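Just so you know, these numbers come straight off a predicted model, no measurement behind them.
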Amino acid sequence: QVQLVESGGGLVQTGGSLRLSCVASGRASSTYSMGWFRQAPGKERDFVAAIRRNGPSTYYADSVKGRFTISGDNGRNTVYLQMNSLKPEDTAVYYCAADSRYRSAGYFLTLGESYNYWGQGAQVTVSS
């Protein structure tokens with residue numbers, strides 16, 4: 001089992017920045033990839049970014065490319081999501097997820113059903 005705990009959410013003005021953290025515990029070393037997803041009120045959960053645990057490959061949704069950066073610290077079993085130039089449409093609950101199965105194709109890291117562990121979520125609110 002893997003437990004995920006997010007932190008770093010909050011309220012920020014348009015154009016501001018926030019950094020989300022996700023700490024994995026339990027069998028964290030058994031995970032191959034980690035991702036961030038978000039869900040706004042009344043909307044479906046959307047992919048934001050993903051990173052492979054043992055490689056430099058990162059993946060981003062088009063809506064956040066150039067503004068968000070995902071990174072990982074394997075020694076601390078932590079994944080970060082640096083969010084810059086935030087917009088009101090970025091307002092959502094952000095969820096960290098981990099996948100304990102290897103996926104050769106990066107496409108699968110953008111799918112929520114690929115992940116078998118989820119955090120409780122962190123609220124990010126961007127005011128206009």
Side-chain angles (χ1 to χ4, degrees):
Q1 290 290 323
V2 177
Q3 295 78 42
L4 304 174
V5 178
E6 303 99 332
S7 62
L11 173 65
V12 65
Q13 292 185 334
T14 296
S17 298
L18 282 175
R19 188 177 79 159
L20 300 179
S21 300
C22 174
V23 178
S25 60
R27 298 187 63 187
S29 60
S30 68
T31 60
Y32 284 95
S33 305
M34 295 190 71
W36 288 96
F37 290 76
R38 66 186 182 186
Q39 188 168 21
K43 295 187 177 181
E44 295 185 350
R45 182 182 61 196
D46 290 331
F47 167 74
V48 176
I51 186 168
R52 294 191 185 274
R53 180 179 177 87
N54 294 318
S57 298
T58 55
Y59 307 86
Y60 295 94
D62 288 342
S63 59
V64 305
K65 280 181 181 177
R67 300 188 299 122
F68 290 12
T69 302
I70 188 170
S71 61
D73 183 339
N74 288 343
R76 297 185 177 184
N77 290 323
T78 302
V79 172
Y80 305 97
L81 185 67
Q82 177 67 43
M83 304 183 292
N84 298 329
S85 302
L86 282 162
K87 306 174 182 179
E89 50 264 44
D90 294 318
T91 295
V93 177
Y94 284 69
Y95 296 92
C96 174
D99 185 2
S100 61
R101 294 153 292 190
Y102 176 72
R103 316 269 182 188
S104 59
Y107 165 74
F108 292 103
L109 273 65
T110 70
L111 303 179
E113 52 261 45
S114 294
Y115 295 85
N116 47 344
Y117 299 105
W118 292 85
Q120 81 288 351
Q123 177 69 48
V124 171
T125 303
V126 185
S127 63
S128 57

Check against side chain to side chain contact (heavy atoms under 4.5 Å, CB included), Glu89 and Val126:
CA-CA 8 Å; Glu89 50 264 44; Val126 185; over 6 Å; no
I'd like a table of donor-acceptor pairs (distance under 3.5 Å, sequence neighbours excluded) in which one partner is a side-chain atom from residues 76-86, with atom names and distances.
{"from": "Asn77", "atom 1": "OD1", "to": "Arg53", "atom 2": "NH2", "distance (Å)": "3.2"}
{"from": "Thr78", "atom 1": "OG1", "to": "Arg76", "atom 2": "O", "distance (Å)": "2.8"}
{"from": "Gln82", "atom 1": "NE2", "to": "Asn84", "atom 2": "OD1", "distance (Å)": "2.9"}
{"from": "Asn84", "atom 1": "OD1", "to": "Ser17", "atom 2": "OG", "distance (Å)": "2.9"}

Test: ring pair (Phe, Tyr, Trp, His ring centres under 6.0 Å). Region: residues 50-77. Which pairs qualify, not counting sequence neighbours?
none
Qualifying ring pair (Phe, Tyr, Trp, His ring centres under 6.0 Å) pairs, either residue in residues 21-58, two or more places apart
Tyr32-Tyr102, Phe37-Phe47, Phe37-Tyr115, Phe37-Trp118
Measure the spacing between CG of Leu11 and CD of Gln123 and express it to the nearest 0.5 Å.
9.5 Å
hydrophobic_cluster_shared for Tyr95 and Leu20, side chain cutoff 4.5 Å
no
Closest heavy-atom contact between Ala28 and Val2?
N-CG2, 4.2 Å
Smallest separation among heavy atoms of Arg38 and Ser63, with atom names
NH2-OG, 3.5 Å
With the threshold set at 4.0 Å, does a side-chain nitrogen-carboxylate oxygen contact exist between Asp62 and Lys65?
yes
Measure from the side-chain N and O atoms of Gln39 to the backbone N and O of Ala92, and report whether any donor-acceptor pair falls under 3.5 Å.
no
Nearest non-hydrogen partners of Arg103 and Ser114, listed with the distance:
NH2-O, 2.9 Å
Between CG of Asn116 and CZ of Arg101, what distance do you get to the nearest 0.5 Å?
4.0 Å
Are Leu109 and Tyr117 joined in one hydrophobic group, where the rule is that I, L, V, M, F, W and Y side chains link up if heavy atoms are under 4.5 Å apart?
no
Within the 4.5 Å heavy-atom criterion, are Arg67 and Asp90 side-chain neighbours or not?
yes
List the atom of Ala122, the atom of Glu6, and the distance in Å for their closest heavy-atom pair.
CB-CB, 4.0 Å
Search all heavy atoms of Val5 against all heavy atoms of Gln120 and return the closest pair with its distance.
CA-OE1, 3.8 Å
Test item: Gln13 side-chain N/O and Ser127 main-chain N/O as donor-acceptor pair under 3.5 Å
no
Scanning both residues in full, the closest heavy-atom pair of Gly72 with Ile51 reads N-CD1, 3.8 Å
Val48, Val23: one ILVMFWY side-chain cluster at the under-4.5 Å cut-off?
no
